[in-house]
J.: 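Structure incoming, see below.
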Amino acid sequence: MTHQTVSRRRALGGLATMGVAGLAAPRLATAQGQTTTWKIQSSWPGGAGLQIFKDWCGTIQEKSGGELAFEPFGANDVVGDFQLYDAVKNGVLDAINPFTIYGQGIVPAATFLTSYPLGLRNPHEWDVFYYGLGGLQIARDLFAQQGMYFVGPVHHGPNIIHSKVPIRSIDDFRGRKMRLPGGMVAEVFSQIGAETTVLPGSEIFPALEKGTIDVADYVGPAVNYALGFSQVTSYISMGPPGFMSLYQPVDLMDITVGMDAWNALSPQMQQFVEMETHVYSDMHHAAIQKADQEAWAKFEADGTEVTRLGQDDVELMTEVAVPIWFDYANRDPNSAKIFKIQLDYMQSGSLGYVDPALTEGLELKI
């Protein structure tokens with residue numbers, strides 16, 4: 001038996017015991033024994049999200065054969081959450097794992113590179129947009145203009161709303177002081193009467209505790225429970241069954257790298273990072289959903305009540321949202337280009353989310 005045959009059999013045997021992450025990310029030889037270490041900060045301030053991120057970062061050095069390592073940081077460890085894109089653009093951080101919506105200040109079209117109210121509603125629909133309908137290349141072109149490389153999207157799940165008072169219809173948002181991530185989401189809630197404010201995730205708990213706000217959106221049950229939201233609110237508001245969130249049904253994060261750090265990698269290592277981003281997105285999404293299932297029982301034990309909006313609320317909020325979609329899309333030619341792809345998809349036979357009557361008289365400046 002040749003040495004080559006023995007090596008191949010060992011490799012195959014190793015693959016049989018490895019998970020998806022191992023299959024997607026083969027070991028690569030270390031270049032001259034040197035390790036490139038990236039400082040990478042996430043938007044996660046704690047809980048399951050931050051732990052999953054750190055666990056993934058901890059696998060990179062071994063899977064890259066020692067050529068690349070990720071030094072992970074949580075929210076605010078190096079820079080503030082809203083400064084992440086500036087930090088990677090300016091070389092303070094090598095890479096980031098932010099909520100993509102935070103990029104809209106630098107790349108206005110980022111508004112449509114992540115979930116928006118009543119838009120694409122399932123993770124696979126965003127994968128179709130990014131990997132099937134050209135969205136990934138558009139994102140990379142836009143971020144490259146700002147000195148950044150957009151590696152790819154990362155799924156985690158819908159956002160939910162925590163409240164000190166029950167929310168049983170969209171009318172109940174009227175007059176409520178509400179934390180939102182800004183942008184289109186905040187405008188939709190402003191249109192239905194909420195008094196909106198923008199806060200990073202790390203500031204939500206104290207704002208709820210002090211009464212500065214009485215309603216707050218953030219991510220999913222597991223992370224929100226770990227952040228203590230059941231201690232300062234009594235209710236969780238969601239959409240109808242099967243529709244956890246009307247306003248951010250598929251909140252997206254991403255992996256973005258400073259262009260200098262990206263260009264310093266070999267083509268093989270660049271491909272490795274792209275593959276690992278797919279791996280992380282899959283692992284992250286599944287692990288978050290698992291943790292969410294465990295969190296629901298904890299909220300129930302703490303006395304938190306889940307309230308749901310009805311189908312009428314979905315239709316009413318869609319009517320509010322559609323003109324706002326067009327308004328935001330028409331603020332920037334790239335936004336209009338991206339949104340047109342998504343709108344065509346939403347109005348196609350594949351989805352049918354948007355009644356053509358709702359877009360009559362509305363035009364896109366493309």
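All heavy atoms count here, side chains included; hydrogens, waters and symmetry mates do not.
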J.: Do I338 and L142 touch side chain to side chain, with heavy atoms closer than 4.5 Å?
T.: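 In short, these two side chains touch, coming nearer than 4.5 Å.
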
J.: Counting heavy atoms not belonging to Q271, are there more than 12 under 6.0 Å from its CD?
T.: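 No - once you tally the heavy atoms of other residues, nucleotides and ligands closer than 6.0 Å, there are 12 at most.
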
J.: Counting only N and O atoms by type, is there a donor-acceptor contact under 3.5 Å from the side chain of E305 to the main-chain atoms of P166?
T.: no

J.: Checking the side chain of K164 only, and the main-chain atoms of L208 only, is there a donor and an acceptor separated by less than 3.5 Å?
T.: yes

J.: Do the side chains of L227 and I160 join up, straight or via other hydrophobic residues, at under 4.5 Å, putting them in one cluster?
T.: no

J.: Could you tell me if the ring centre of F326 sits under 6.0 Å from that of F339?
T.: yes

J.: On a heavy-atom basis, which atom in T318 and which in V314 lie closest, and how many Å separate them?
T.: OG1-O, 2.7 Å

J.: Give a yes or no on this: more than 12 heavy atoms of other residues, nucleotides or ligands lie within 6.0 Å of atom CD of E363.
T.: no

J.: Are any non-hydrogen side-chain atoms of M253 and S42 less than 4.5 angstrom apart?
T.: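 Result yes, sub-4.5 Å side-chain heavy-atom pair found.
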
J.: Check side chain to side chain donor-acceptor pair (under 3.5 Å) between D327 and all other residues, then give those that pass, not counting sequence neighbours.
T.: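 D327: side chain to side chain donor-acceptor pair (under 3.5 Å) contacts with R331.
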
J.: With a 4.5 Å cut-off on side-chain heavy-atom distances among I, L, V, M, F, W and Y, is there a chain of contacts connecting V165 to V306?
T.: no

J.: Taking all non-hydrogen atoms of both residues, which atom of P117 and which atom of V188 are closest, and how far apart?
T.: CG-CG2, 3.8 Å

J.: Verify, without hydrogens or angle tests, whether D172 (side chain) and S169 (backbone) share a donor-acceptor contact under 3.5 angstrom.
T.: yes

J.: Within the structure provided, determine whether V257 and W38 are in side-chain contact (heavy-atom separation under 4.5 Å).
T.: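 Yes, at least one pair of side-chain atoms sits under 4.5 Å.
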
J.: Just distance, no hydrogens or angles: give the donor-acceptor pairs under 3.5 Å from side chains in residues 192-205, sequence neighbours left out.
T.:
| from | atom 1 | to | atom 2 | distance (Å) |
| --- | --- | --- | --- | --- |
| T196 | OG1 | S190 | OG | 3.3 |
| S202 | OG | N76 | ND2 | 2.8 |

J.: Hey, is the main chain of R176 close enough, under 3.5 Å, to the side chain of D214 for a donor-acceptor pair?
T.: no

J.: Counting only heavy atoms from other residues, nucleotides and ligands, does the tally under 6.0 Å from CD of Q137 exceed 12?
T.: yes

J.: Looking at W325, Y353, Y116, which one forms a side chain to side chain donor-acceptor pair (under 3.5 Å) with Q342?
T.: Y116

J.: Parallel, tilted or perpendicular: which one describes the rings of F70 and W56, with boundaries at 30° and 60°?
T.: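 Geometry flag for W56 against F70: perpendicular rings.
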
J.: Compute the ring centroids of F53 and H156, then answer whether they are less than 6.0 Å apart.
T.: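 Here the rings of H156 and F53 have centres that are no less than 6.0 Å from each other.
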
J.: Pairing donors with acceptors under 3.5 angstrom, does anything connect the side chains of T304 and D302?
T.: no

J.: Could you check, using the six-membered ring where one of them is a Trp, whether F173 and F189 have ring centers closer than 6.0 angstrom?
T.: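 Distance test on ring centres: under 6.0 Å, yes.
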
J.: As a test of understanding, state which of H285, K290, H284 forms a side-chain contact (heavy atoms from CB on, under 4.5 Å) with I288.
T.: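 Exactly one option meets the side-chain contact (heavy atoms from CB on, under 4.5 Å) with I288, and it is H284.
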
J.: Is there a donor-acceptor contact under 3.5 Å from the side chain of W126 to the main chain of S115?
T.: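 No.
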
J.: Are V250 and Y218 linked, directly or through intermediate hydrophobic residues, by side-chain heavy-atom contacts shorter than 4.5 Å (ILVMFWY only)?
T.: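 As far as the 4.5 Å side-chain criterion goes, V250 and Y218 are connected within one cluster.
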
J.: Closer than 3.5 angstrom, by distance alone: can the side chain of D313 be matched with the main-chain N or O of G310 as a donor-acceptor pair?
T.: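 Flag set: sc D313 to bb G310 pair under 3.5 Å.
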
J.: Measuring only between side-chain heavy atoms, which start at C-beta, is L309 closer than 4.5 Å to I167?
T.: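 Yes, at least one pair of side-chain atoms sits under 4.5 Å.
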
J.: Give me the atom names and distance for the closest heavy-atom approach of M148 to I106.
T.: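 Answer, listing the atom of M148 first, then I106: CE-CG2, 4.0 Å.
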
J.: When you group the ILVMFWY residues by side-chain heavy-atom contacts below 4.5 Å and let the links chain together, are F229 and Y235 in the same group?
T.: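 No; tracing contacts between hydrophobic side chains, which count when under 4.5 Å, never links both residues.
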
J.: Do side-chain atoms of R140 reach the backbone of V151 as a donor and acceptor pair under 3.5 angstrom?
T.: yes

J.: Looking at side-chain heavy atoms only, is the closest gap between D254 and P98 below 4.5 Å?
T.: yes

J.: Please lay out, stage by stage, how Q83 and D86 fare under the test side chain to side chain donor-acceptor pair (under 3.5 Å).
T.: CA-CA 5 Å; Q83 284 75 53; D86 280 321; over 6 Å; no

J.: Show your reasoning for whether side chain to side chain donor-acceptor pair (under 3.5 Å) applies to N159 and S245.
T.: CA-CA 6 Å; N159 286 10; S245 175; over 6 Å; no

J.: Is the number of heavy atoms from other residues, nucleotides or ligands under 6.0 Å of K337 NZ greater than 12?
T.: no

J.: Can F299 and Y225 be said to form a ring pair (Phe, Tyr, Trp, His ring centres under 6.0 Å), step by step?
T.: CA-CA 7 Å; F299 275 115; Y225 188 84; 5.1 Å; yes

J.: Just checking Y328 against F112, ring centres under 6.0 Å apart?
T.: no

J.: Assert yes or no for the condition that the ring centre distance of Y345 to F129 is strictly below 6.0 Å.
T.: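 No, the ring of Y345 stays outside the 6.0 Å limit from the ring of F129, centre to centre.
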
J.: Ignoring hydrogens and angles, tell me if any N or O in the side chain of T277 forms a donor-acceptor pair with the backbone of V273 under 3.5 Å.
T.: yes

J.: In this structure, are over 12 heavy atoms from other groups packed under 6.0 Å from D355 atom CG?
T.: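 Yes, enclosed.
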
J.: Flag yes if L133 and I366 sit in one hydrophobic cluster, no otherwise; membership is Ile, Leu, Val, Met, Phe, Trp, Tyr, and two members link when side-chain heavy atoms are under 4.5 Å apart.
T.: yes

J.: Using modelled atom types only, decide if a donor and an acceptor are shared between the side chain of E125 and the backbone of R121 within a distance under 3.5 Å.
T.: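 Present.
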
J.: Can you list the steps and then say if T111 with Q104 is a side chain to side chain donor-acceptor pair (under 3.5 Å)?
T.: CA-CA 6 Å; T111 300; Q104 60 191 351; 3.0 Å; yes

J.: Does E276 reach the main-chain N or O of I60 with its side chain, forming a donor-acceptor pair under 3.5 Å?
T.: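 The answer is no, because no donor-acceptor pair under 3.5 Å joins these two groups.
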
J.: Find out whether M178 and I213 are in side-chain contact, i.e. whether some heavy atom of one side chain is under 4.5 Å from a heavy atom of the other.
T.: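 No, their side chains stay 4.5 Å or more apart.
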
